[in-house]
Amino acid sequence: MVEKYNPQAIEARWQKKWAEDKLYEVHEDPSRPKFYFLTMYPYPSGDLHIGHWYAMAPSDAAARHRRMKGYNVLFPIGFDAFGLPAENAAIKHGIHPWTWTYRNIENMRRQLRAMGAMFDWSREVITSDPEYYKWNQWFFLKFYEMGLAYRTYAPVDWCPNCNTTLAREQVVGENRECERCGTPVIRKDLNQWLFKITKYADELLDFSKIDWPERVKTMQTNWIGRSEGAEIVFKSEQGDDIIVFTTRADTVFGATFMVLAPEHPLVQKLTSDDQRAQVDAYVQQASRETEIDRLAVTKEKTGVFIGAYAVNPVNDVRIPIYIADYVLMQYGTGAIMGVPAHDWRDFVFALKYGLPILPVIDRPDGLTKSFAPSGTMNEGFADALQAEGIPFDEREGSRYITIPPEKVNRYVQLAQRFVRQDAWNEVVGTRWVFIFHDGVWEWDSLESEQRILDRCKKLEPGVRDKRTLMEMLWSLEFYRDALYHDAYGTMIHSGEFTGTPGDVARQRVAEWLAEKGIGKPAVTYRLRDWLISRQRYWGTPIPIIYCPACGTVPVPYEDLPVVLPEDAQFLPTGESPLKYHEGFRNVACPRCGGPAERELDTMDTFVDSSWYQYRYLSPHDDHAPFDPDQGRYWLPVDQYTGGIEHATMHLLYTRFFHKAMRDIGVVDFDEPMTRLFNQGIILGEDSEKMSKSRGNVVSPDDYVNAVGADAVRAYLMFIGPWSEGGPWSSRGIDGVVRFLNRVWNLVVAEREDQGAGDYRPADITALRRLTHQTIKRVSEDLENFRFNTAIAALMEFNNVLVKAKETRVYGTVAWEEAIENLLLLLAPICPHIAEELWMRTGRPYSIHQQTWPVWDAAIAAEDTFTLVIQVNGRVRDKVDVPVSITEDDAKAVALASENVRRYVDGQKPTRIVYVPGRLVNIVVR
RNA sequence: GGGCCGGUGGCGGAAUGGCAGACGCGGCGGACUUAAAAUCCGCUGGGGAAACCCGUGUGGGUUCGACUCCCACCCGGCCCACCA
C-alpha cells in the first residue's frame, strides 16, 4: 500500500526544520547579486485574511524563484502595529492596546509561518516597539530642523467617529468619508503638524527612475495635480492687491467679475457696510455647511456680492467682487477672475446672478447660429438664404439658421437688408453681432452690451426682465450649444491681443502681464501638505514640548524615544488618553528647565510605513534608523508587491519620505522601490467583495487544515492573472489538490513491473523535449508573475508523466531528469511537497538551496509542426511537416491538399501567404 | 462630468495579428466497488445525419487573415470630481 499525501504532517515538519536550520535567514554576501523583495506588511488585526495570502503567497513564490536563480534574496516581514483598532479594543473590552496588539501578532506569526513562506523572521519589525518608533521621532526632529515638519492653525478634516484629524489623502469618495471607517468627515480649525510633501511635488511627478504600473503613476500624477498658469494682480478700488490664479490668462479680457473664497483674508476689509450683514451670514454659513451634513451640500452655486469692485488691469474695466464657496481658499490664491464665457462654473454663476458674459475666445469649431422669429424679417428672406446656400429650418414662420463659417459675413449683410425696423436679428458663435435695419452692432465689450440690451428692450417688451444679453440668448434652446465653450481659440474682443492665435495666446498674455508687472507665470498643485497629527493614543508621540517661556522646543535627541505611557486610562470620551495623563503631559522644558507641556498628539501610522523597508535591514540598531553598511548592500527595494489601494497614500508618502531622508543624508539615491506590482483583489465565491456582513469571508486556516498550505498557495496562484484578482472557489481548489495528489503518487508509488523491457529512442526524445519546454515555460511565467500559466504548464507536464510512467521510459535517465525538474519547478509554488518528494527520492537537502534549472533550446526544439492551410483565411486542412520545410515545399504541400483543391476549385490563386512555422493561406478572390 | 481598466463556453481562465476555448472546475458516459466516496478512462462552445455553418459585448473599418489593431456605441469595475 502506497503512503498517501498527507500535507498537514509534512508541512509542519518542514516548517520546523527550516526554522531550526535558519534556512531563510540572509546576510550580506558580496559574492552574490542581491535582491530585496518586499511585500506590504500586515496590520495585526488578529487574523490572517485570505487577502493577505493572496498578496503574500505569490510574492513568496517569486522570491523563492529569485533565490533559486542565484540571488541573495531578502524577503522580510513585520507588523504595522500602531492604529486605532487597538485603542478601540481597549475602550470596549478593557484590554490594553499593547496586550491586544502583541497577542494578535503572536497569532498572526503562527498563521504566517503556516503559509510556509521564506520570510526572514530574524529581521521582524513591529512598529509599536519603542526601538522602532524612536526613529519616527528622530526623523520628525530632522524634518523639523529642515523645515519639512511644521505646525499651523488651519481648517482640517476631522473624523467624528475616529475622533481624530485625517490627511487629505485619507478622506475618500464623493461624500468625503474617513478612509478607515467610512464616516463623513467634518471640518475643524486646529493647530496641527504637517510634513511638507508639497516641496517635492515636482520631483514626485518624475517617475523616470522607477518601473511602476502606469495606473499608479497616473493616480499619483492626478493626485499631485500640477497646473501651470499665471497669477494676475487685480486691484480693489481701495487699492488692495488681489492676486488670482488662472490657467487661462488668454481669457483675461473676459473677466466680468471676481470671486474670493469666503475665508479670503481681504473679505472683511473690502466688504461695504450695506453688504456686511449678508456677507457675514454667508461666511458663517459656508464654514458651518462643511461641519453639518456633507451629504446635504448641493451643487447649486451660491455667493454674495461684497459691495466692492476691482479693476481688471488689462482694460481697466470695473468688476464686482463676490464671495462664493466654489472658490477654495486652499487652492491657488483663494481668488479667481470670473470669466463666464469660457469657464463653466463662472458661466453658471454669472447666469444666476445676472453678471455680464462676454466671449473673448473664438470658437474653433465654427458653430454659428441665428434665430429669426416669425415677423422679424421682411418678405424674401428665405429665398435669399436659399440663393446663398445657407441652410435653415422653418417652423411656424420662424427660421432656425445654422450658418456655414465661410458665409457668416454674407449672412450679416443679408440679415441687415431684410430685418424689419421694429425688430433685430443676431448672430452668435463665431461672431457676436446684433443686426438692426440701420446698422450692425458688434457685441464686443461691456459698454456695447449695455447699448444693445437697452435697444432690444425698447423694441421688445418681452425681454425687459433680462439682465444680460447672455441671459436673453440662453432662454432660447436653439442657441445653447453655441453660446459657451472652453476650447482654446483665437482671441477676440481683447484689445491689442485680438487675433492672437489660440496656440500662443496664453503665453503671449502671460509674458505681457509680466512685462507690465501685473502678473507672472505660476504653478499650483492640488497636493496638500501631509497632516500627520492624530488625536489618538496608540501611535508615535510627536517629540515636541511647548514651553511658556521658550515656545516650541524639540525633544533633545538624547531623550528619545518619548515613550507612550502604559498606564493611560482608556475611557469612551472620544479624546486621547494622553490628554489626561498628567505624568506624560507635564514635563520640564529641555531649554530653560521651567514647567512645560508635551505635544499630546501622535503621528499618523502612515509615517511608520513610510520607511519600514529600511528598518528591516537592522531592526535593533540603536545608533541609526538602519545600518548604512547593510543599506549599501541591500537598497533600494528591487521589487515591491501590494494592493493598489495605497496608490495615493502609502505609495506616495514613502516616495516623499525617501526623498526627505535623502535630503537629510540618510540615503543617497532618489526612489525607495524600483519595481512595483499590484495584485488584484480576491473576491468571495459570489464574486462580491469579501465582508462579514455578506457572510462570504474565506478563512485560510480552515483550508490549510483541510488540504494543506501548498494547495491553498497553488490555488490562489492558479485562479487567474495575479493582477486581476478574482473569486475564490471552494470547488476550484479541488483541482490543485488533485494535481498535488497526482504528483505525489507519480513520485512516491513504485511501478510494479519497473525495469522491464526496452525503451524506444523516440519516447526518450519526446520526454526530454517536454521537460525542457516545461522548464522554459515555467521560468518565463514566474519571471513575469504569470503564476496561473506556470501551474498549468506543470499540470500538463505531470499529466504526461503519469501516462509515461506506464511505458518503458520509466526509470530511465530521461525519466529521472523529468522528475527532478518537476520538483524543482514546483518548489517555489508548493515548497513543502517539493521538499518532501525531493528528500524521498534521495536528493540532497534542501531543494530550496538548489539551482534553478536551465532549459536547453536544442532539446526543447520541435522537429515537426502542424502546418495550417487556409483558403481565403479559413482553415481547410492541417498537415504535420518538418520544421525545416522550405517555403516552396510548404506551398506545394498546401496546394496538394485534397480539401484545398475543392475550395480552390481550379481558380488561379491571386496570392499565397506563407508564414514560416505556422501557415499557408491561399487567396483565390 | 473627466480619466483609467475590463467584457472569450455553464464557471475561473488560455491564446494579444496566424488552428479560439490551453489548464482547471462543473457536467455526461464508462471502469473499479455489494454500494458510495476516492481513483482511473472517454466525451464536453452552439447548430447539423454529415459536408459544413455560426461563435470572443454591439455596429463599422484596416488586413490575405482580427479575441488581438483603429473608430463609434453599450455594459461592468476602479480612481478623481466646484482644483480656477
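A, B, ... follow the sequence lines: proteins, then strands. Residue 1 opens every chain. Because the structure is a prediction, the values reported are computed rather than measured.
Note on A:Tyr914: nothing from the nucleic acid sits closer than 4.0 angstrom, heavy atoms only. Within the nucleic acid shown, A:Ser227 comes within 4.0 Å of sugar-phosphate atoms alone, with no base atom in reach, counting heavy atoms only. Using a 4.0 Å heavy-atom cutoff across all strands shown, A:Asn799 reaches sugar-phosphate atoms only and no base atom. If you check every strand for non-hydrogen atoms under 4.0 Å, A:Arg777 touches nothing. A:Arg911 comes within contact range of at least one nucleobase, with a heavy-atom separation under 4.0 Å. Among the heavy atoms of the strands lying under 4.0 Å from A:Thr866 is at least one base atom, whether or not backbone atoms are also near. Nucleic acid contact for A:Arg742: sugar-phosphate only, since backbone atoms but no base atoms lie under 4.0 Å from a heavy atom of the residue. At the heavy-atom level, A:Asn899 lies under 4.0 Å from the strands shown only through sugar-phosphate atoms.
An OP1 or OP2 oxygen of B:rC19 is reached within less than 4.0 angstrom by no side-chain nitrogen or oxygen of A:Arg876. Put simply, A:Arg738 has a side-chain N or O that comes within less than 4.0 Å of OP1 or OP2 on B:rU39.
The side chain of A:Met795 lies closest to B:rC23 when the candidates are B:rG26, B:rC23, B:rC82. When each of B:rG26, B:rA84, B:rC4 is scored by its nearest atom to the side-chain atoms of A:Arg215, the top-ranked nucleotide is B:rC4. Comparing B:rC41, B:rC19, B:rA22 against the side chain of A:Ala792 picks out B:rA22 as the nearest. The A:Val327 side chain lies nearest to B:rA84 when the options are B:rC53, B:rA51, B:rA84.
The aromatic rings of A:Phe349 and A:Tyr326 are tilted relative to each other, their planes meeting at an angle between 30° and 60°.
Secondary-structure stems of RNA chain B, taken as three or more successive Watson-Crick or G-U wobble pairs (i with j, i+1 with j-1) under a 3.5 Å distance threshold, comprise B:1-7 with B:74-80, B:10-12 with B:23-25, B:26-31 with B:39-44, B:45-47 with B:52-54, B:57-61 with B:69-73.
Rounded to an integer number of Å, the gap from CH2 of A:Trp223 to P of B:rC80 is 6 Å. For A:Arg731 and B:rA38, the CZ to P distance is 12 Å, given to the nearest whole Å. One can place CG of A:Leu740 at 13 Å from C1' of B:rG24, the figure rounded to the nearest angstrom. Across the protein-nucleic acid pair, A:Arg526 atom CZ and B:rG2 atom C1' stand 12 Å apart, rounded to whole Å. Note: CG (A:Asn798) to P (B:rC23) measures 13 Å, nearest angstrom. Atom CG in A:Asn741 sits about 14 Å away from atom P in B:rG24, given to the nearest Å. For the pair A:Trp728 CH2 and B:rG24 C1', the interatomic distance rounds to 14 Å; values are reported in whole Å. Atom-to-atom, NZ of A:Lys803 to P of B:rC41 comes out at 5 Å; the value is rounded to the nearest Å.
Ring pair A:Phe718/A:Phe787: centre-to-centre distance not below 6.0 Å. A:Trp212 has its ring centre no less than 6.0 Å from the ring centre of A:Phe207. Note: A:Trp728 and A:Tyr703 meet the aromatic proximity criterion, with ring centroids under 6.0 Å apart. Between A:Phe677 and A:Trp722, the gap from one ring centroid to the other is short of 6.0 Å.
Of the P atoms belonging to B:rG7 and B:rG46, the separation is 22 Å, rounded to the nearest Å. Going from the P atom of B:rG76 to that of B:rA38 covers 40 Å, rounded to whole Å. Here, B:rG61 and B:rC82 have their C1' atoms 40 Å apart, quoted to the whole Å. Spacing of P atoms, B:rC80 relative to B:rU16, comes out at 34 Å, to the nearest Å. Comparing the same atom, P, in B:rG10 and in B:rA22 gives a spacing of 14 Å after rounding to whole Å. Comparing B:rU56 with B:rA66, their P atoms are spaced 12 Å from each other, to the whole Å. Across the C1' atoms, B:rG55 and B:rA35 are found 44 Å apart, a figure rounded to whole Å. When the P atom is used for both B:rA20 and B:rC32, the distance is 39 Å, rounded to whole Å.
For A:Lys891 and A:Glu887, the salt-bridge test passes: some basic side-chain N is under 4.0 Å from an acidic carboxylate O. With respect to the salt-bridge test (charged N to carboxylate O, under 4.0 angstrom), the residues A:Arg226 and A:Asp202 qualify. Under 4.0 Å is where a charged nitrogen must lie from a carboxylate oxygen, and between A:Glu796 and A:Arg777 at least one such pair does.
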Dump every N/O contact between nucleotides 10-18 of chain B and the protein below 3.5 Å, one line per pair.
| residue | atom | partner | partner atom | Å |
| --- | --- | --- | --- | --- |
| B:rG12 | O2' | A:Ile719 | O | 2.8 |
| B:rA14 | OP1 | A:Asn788 | ND2 | 2.9 |
| B:rG18 | N2 | A:Gln870 | OE1 | 3.3 |

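When atom types are taken as modelled, the side chain of A:Asp157 and the backbone of A:Ala167 share no donor-acceptor pair closer than 3.5 angstrom.
When each of A:Glu169 and A:Asn222 is assigned the nucleotide of RNA chain B bearing its nearest heavy atom, the one mapping closer to the 5' terminus is A:Asn222. Position along RNA chain B of the nearest nucleotide to A:Ile336 versus A:Met219 favours A:Met219 as the more 5'-ward residue.
Side-chain contact check for A:Asn921 and A:Arg911: no donor-acceptor pair (N or O, by modelled atom type) lies under 3.5 Å.
No side-chain heavy atom of A:Tyr903 sits less than 4.5 Å from a side-chain heavy atom of A:Arg874.
Relative to the six-membered ring of A:Trp530, A:Arg168 misses at least one condition, a distance below 6.0 Å or an angle of at most 45° to the axis.
In this entry the base of B:rG12 is anti relative to its sugar, with a glycosidic angle more than 90° from 0.
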